[in-house]
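Okay, so here's the structure we're looking at.
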Amino acid sequence: MPQHAEKTAIVSIQKVVKEYHLDKVVVPALRGVSLTVRQGDFLSIVGPSGSGKTTLLNLIGCVDTATRGTVMVDGQDTKGLNDRQLTDLRLHTLGFIFQSFNLVPVLSVFQNVEFPLLLQRKFTAAERAQRVDELLKKVGLDKHTQHRPSELSGGQRQRVAIARALVTRPKIVLADEPTANLDSVTGENIIDLMKEMNEEEKTTFIFSTHDAKVMSHANSVIRLADGKIAAGKAAAGRH
Amino acid sequence: MGWALLLLRISLRNIFSSFLNVIVGLIILAATFFFVVGGSLVNSMDKTMSKSIIDSVAGHAQVYESSSKDKPALFDSWQIPDLDPIPDFSKIKGPLLSDPNVSAVVPEGVNTAIVVYGNTIDQILEKLRKAESPGAGSIMEPAQSNPGPPHEASGQMTRQQRKEMIDSLKAHVRQMIFVIQNDMEKHNKIGAAGSVDPQSIKDLQHAASPAFWAGFDADPLNHLEFLENKIAYLVPDSDQIFLSYVGTDLDAFAKSFDRLQIVDGGMVPPGHRGMLLSKYVYENMFKLKSAHRLDQIHEAITEKRQTIAKNPDLQDLVRQNREQTHEIVLQLDPLSSQKAVSILQGALHSKETDLPKLLSSFFDTNDSNFEARYKIFYDQLAPMLELYRLKPGDTLTIKTYTKSGYVEAVNVKIYGTFQFRGLEKSSMAGSLSLMDLMSFRDLYGYVTPEKIAETKSLEKAAGVKFVPRDQAEADLFGGSTKTDVVQSQPKAINDEAAMGGAKVKRVDLTRQAYTQDEIDKGIVMGAAVILKDPSKLKQTMKNLQAISDKDNLGLKVIDWQQSTGFVGQFVNLTKLILFLASFIIFVVMLVIINNAVVMATLQRVREIGTMRAIGARRLFVLFMVVVETMALGLVFGTIGSALGSALVVLLEHVGMAAPNDWFYFFFSGPKFFPWLNAGSLIGAFIVVVIVTCISALYPAWMATRVSPIQAIAAED
Ligand SMILES: Nc1ncnc2c1ncn2[C@@H]1O[C@H](COP(=O)(O)OP(=O)(O)O)[C@@H](O)[C@H]1O
Ligand SMILES: [Mg+2]
C-alpha cells in the first residue's frame, strides 16, 4: 500500500547531514540520510558503534537539529521550532527509553511513570492514577508501584522506563540501545514487551541496537554505516 | 497544582539525597541558630540594659543647656563632658513638669574629684596631735548628734584615759618607725647601696632613739612636726582616689530612682549637705587592700566556682596579699601586734615571731586552706584592724579641678554607702557616688553671695593669703606633691584654724538644712526626666523640646541612650557587631551554598537532561533547583531556629552568669535571663529565604542550559 504510506508517514527525513565541530575539525556524524517511518512501525536502526545511530535518534527526538536537510516529526519541520515548541513536541508526541533507564531516583515507580502526565497538566489525579496503574500492570510491575528505582533490577527499571514513555500515549517512542545495559535474556524480554505495546497501542517504535538477536524482532531495519544508510534496508511494511 | 506538588515532592525527597545538601543544610542550621540566639540575646540585653541605665541614673531623658559643646555622658567618668550650666534649675523644673507624661525632673551633674588620703602614719600622727592638744577634743562633739558609728569621743575622756591613749599612740608610732627601718634595711640589702637617701636613715635613727621619745612629752608639737615632715612620707601608702559623683537633689533622686539602696550608714538627712559613696567604690577604694583581695578570692571561689590553682588572676591576688602586708603591720600597735603574732602562730602551727613573715605565710593561701584562713582573718584579725579607712559619719575632703584649672575643695560628710538593686556588682553603675547639689555647686566653682562671705571670714580666721586663680595653676603644677596637697585643701586647714578661733559659718554648713527652694534655685548641669509612660518617650521628648523653645529655656532634650556616653552606645555597638557578623555570615553562606548547589546541579545533569527530554520546560528545571534549595533552607532553618529557640528558652530559665564584673551592668545583675525575640525568628527565616533564593539562582540558570542530549548519551 504505497500510496497509503505517504499519508501515514510520521517521521520523514530528507538528505540530513549532521556535523559536529570539535575544535576546528568537522566530524560528520550523518552524511545525507533520507528515511521515512510510518505510523505503527517497529523500526530498528542498526550499525556499528560510531555509525550515527544516536545522532539520528537525537534528530528524530527533537533534542538536536540537523546541520542540513529536513527532519519532519508528526508533520512539523523541527528546524522551524523554538526550544519551547520542541519541548512540547517531546512531551506530547514523543516518548523516550534510555540505555541507562534514567529514572528519577528519589521518586517511586508510580511517581516516575506519572511524571510526564504531571508535566502535561491535562489530567486529574484520578485520571493519572488510572493510567499509571494500567500501564504498570501491562509491564508487570503493579506489585512494585511504591518501590524506589534503586530497589529494582535492571530489567524492571527498563520496564518502568517503558511505562513512562508510553503513559502519555505518544505517537512515537524512541529508544537508544535500550538493551545495552541488560543481559541478553532480559534484553529480549524488553524488546518483546516493546513489540507487544507496539501491537496493542499502535505506537511507532524506533530503536537502535547493535545486537543481532534484538534486531530480529523488528519488522523493519535500517542499517547505518559511517553516517549513511547502508544497503539492505528492509522494505517498510508489516510481516 | 500537581506540578507544584511534584516539585515539592522532588525537592523534599532530595534534601537528604546528597552529601552536599547535608553540608548546605548544616550551614543554614548553624546560621539560623546564630541569628535566633544572637538576635534574642542582643534584644534582651538591649531591653535589660536600657532598664539598668534608666533606673540607675539616667532616667528616660536628659535635658542640658543647648549651648554646651558636648552632651551629657553619665557613665563616661574618665572624661567629663564640657557642659554649660543651666543657671537656675527652678526656672526649668516647673515648665518641664507641666508635660502630663513627666513624673519627675531630677537635677544631675557628673564630676570627678580627687580625694587625697594621708598614709597610715599620717593618720596616727593626726590622732596623736589631737590627743595632745586639749582644745581639739571638742572637734568631734558637734558631729555626735548625727547618725553613724560612734567616734573616739576624746572630748569625754578623763585625764587618765587620755594619757593611756597617748601612750598607746606613741607606741604605735615607734612600732611603725621600727617597721620602716626594717624595710629600709631590706631594701638596702637587695638594691644598690645608694638607693635610700642617707638623710632619711639618719632621720629614722633619730626618731627611733629613746632620747627622742624621752623628750616627746616636754615638747609634743615640735616632735610631731619632725615626724610629720621627715618620717611620714617614707611610708609609701598614701593614696589619691579618683571619685566620680553625681551632684543631685538627693531626696528627689532617691524618690525617682527606687533601685537605690542604702547599704552602710544612712541616707543624707533631707536638705542636708552630704555624700553617699557607691558601695562598689567603698569596697574597692576604701577597704583595707588585703581584706578586699580576700573578699575577691572568696567570691570567685564560692560564687563563680573558680579555683586558685587554675585561675592566674586569683594567684595574682594571693601573691599581692603575700607581698603587701605593710598596711596591716602599720595599723597594729605593739599590743595588737603581739596578739596577731600569737593568733597567726596558732593558725599556722609556727614558731615564727616576725609578724610580716607570719602574715606572708598566712596569706599564702591555696584552694584547700583558703576558706579556713578567710574565716580566721575576719573572726580574729579583723577586730583589731580598721577594715575601712573611712566610715559613715567621717568627713572627706574633696577637691576638683575646675574648667579653668584652679582647685576647689569642700569637706563633705559621708553618710553612708549605697548600691543600685540588681547592679550591686557592676563596676559601671558602681562608679558613681552621690553628692548633694549644694556641695556640687561649691565644687563646680559657682560663687554665691553666701560663699563669698564665707571665704572672706575664713581668710581672716586663718590668715591664709588668697591665691589668685591665675596663680593657682602655677602653684598646683609647679610645686611638689606635698605642697599640692596642702594648697588644695585650704578648707581642711582652715577648718582646724577656725575651730580654735572665731565661730565661722563653715561649721554650720554641714549641719544646715536647705529648703527645696534653696536647692532648686541655682545652677545645675542638667536634669534627668522621669516619665510616667516610657513608651511615649519620643513624643514627650518632642513636647519638652517645644516647651523649652517656647519659654526660651535654652534646653536640649536627649534620650537616655544619648546621654550615657559610651555605655549608651554599647547597645548600638552590639547591634552593629551582630549586624556585621550577620552580614559576613550572609555572604559566606551565599558563596558556600551557591558553590554547593552548583556542584549538586552538575551531579544531576543526567537527571535534569532526562526531565528535559521527557518534556520538562526550562522554567520547570529552574524552579526545581530554586524550590529544592529553599526547601532545604526552610527545613534546616526550622531545625536551627528550633534549636536556637530551645537554647534561649533554656537560658531564660537557668540564666547566663556574667563572665566578669563589667557584664553586671549589661546583664543588670550577676545573671542574665534572655528571652526569645520574635523579630529574630522572623529575621532568621527571611535571611534563609533570601540567601537560598539568591544562591540558587545561578545553579538554577545552569540547570536550564542542560541539554536533553546529555540524558540520551550513554554513560560510557
Ligand atoms: N557531541 C559530539 N561531538 C563530536 N562528535 C560526536 C558527538 N556525538 C557523536 N559524535 C561523532 O559522531 C559520530 C556518530 O556518533 P553516534 O551517533 O554516537 O554513533 P553511534 O550511536 O552509532 O555509536 C561518531 O564518529 C562520533 O564520534
Ligand atoms: Mg550510540
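Residue numbers begin at 1 in each chain, while the letters A, B, ... track the order of the sequences.
Proximity to chain A at a heavy-atom threshold of 4.5 Å picks out nothing from residues 576-594 of chain B. Applying a 4.5 Å heavy-atom cutoff, the residues of residues 70-87 of chain A that approach chain B are A/Asp83, A/Arg84, A/Thr87.
Within a 6.0 Å sphere centred on OH of B/Tyr698, heavy atoms belonging to other residues, nucleotides or ligands number 12 at most. The local environment of OH in A/Tyr20 is crowded, with over 12 non-hydrogen atoms from other residues, nucleotides or ligands closer than 6.0 Å. Counted within 6.0 Å of NZ on A/Lys122, heavy atoms from surrounding residues, nucleotides or ligands total more than 12; the atom is thus considered enclosed. The environment of B/Met599 atom CE is sparse: at most 12 non-hydrogen atoms of other residues, nucleotides or ligands sit within 6.0 angstrom. Under a cut-off of 6.0 angstrom, the local environment of CZ in B/Phe34 is crowded, with over 12 non-hydrogen atoms contributed by other residues, nucleotides or ligands. Annotation: B/Arg705, atom CZ; neighbour count of heavy atoms from other residues, nucleotides and ligands within 6.0 Å is above 12. For A/Glu134, the CD atom is densely surrounded, since the number of other residues' heavy atoms within 6.0 Å is greater than 12.
Rounding to the nearest 0.5 angstrom, the gap separating the CZ atom in B/Arg617 from the CG atom in A/Leu119 is 9.5 Å. Considering OG1 of A/Thr55 and CD1 of B/Ile709, their distance stands at 9.0 Å, rounded to 0.5 Å. The CD1 atom of B/Ile10 sits 4.5 Å away from atom CZ of A/Phe115, with the distance rounded to the nearest 0.5 Å.
In this structure, the portion of A/Glu114 lying under 4.5 Å from any heavy atom of chain B is its side chain and not its backbone. For A/Ser108, the part lying near chain B is the backbone, with the side chain staying farther off; criterion is any non-hydrogen pair under 4.5 Å. For B/Arg612, the parts lying under 4.5 angstrom from a heavy atom of chain A are both the backbone and the side chain.
For the residue pair A/Phe98 and B/Ala613, the shortest heavy atom distance occurs at CZ-CB, 3.9 Å.
Contacts with chain B were tallied for A/Leu103, A/Leu57, A/Leu107; A/Leu107 has the most, counting heavy-atom pairs under 4.5 Å. For the set B/Gly609, B/Gly615, B/Ser707, the count of heavy-atom pairs under 4.5 angstrom toward chain A peaks at B/Gly615.
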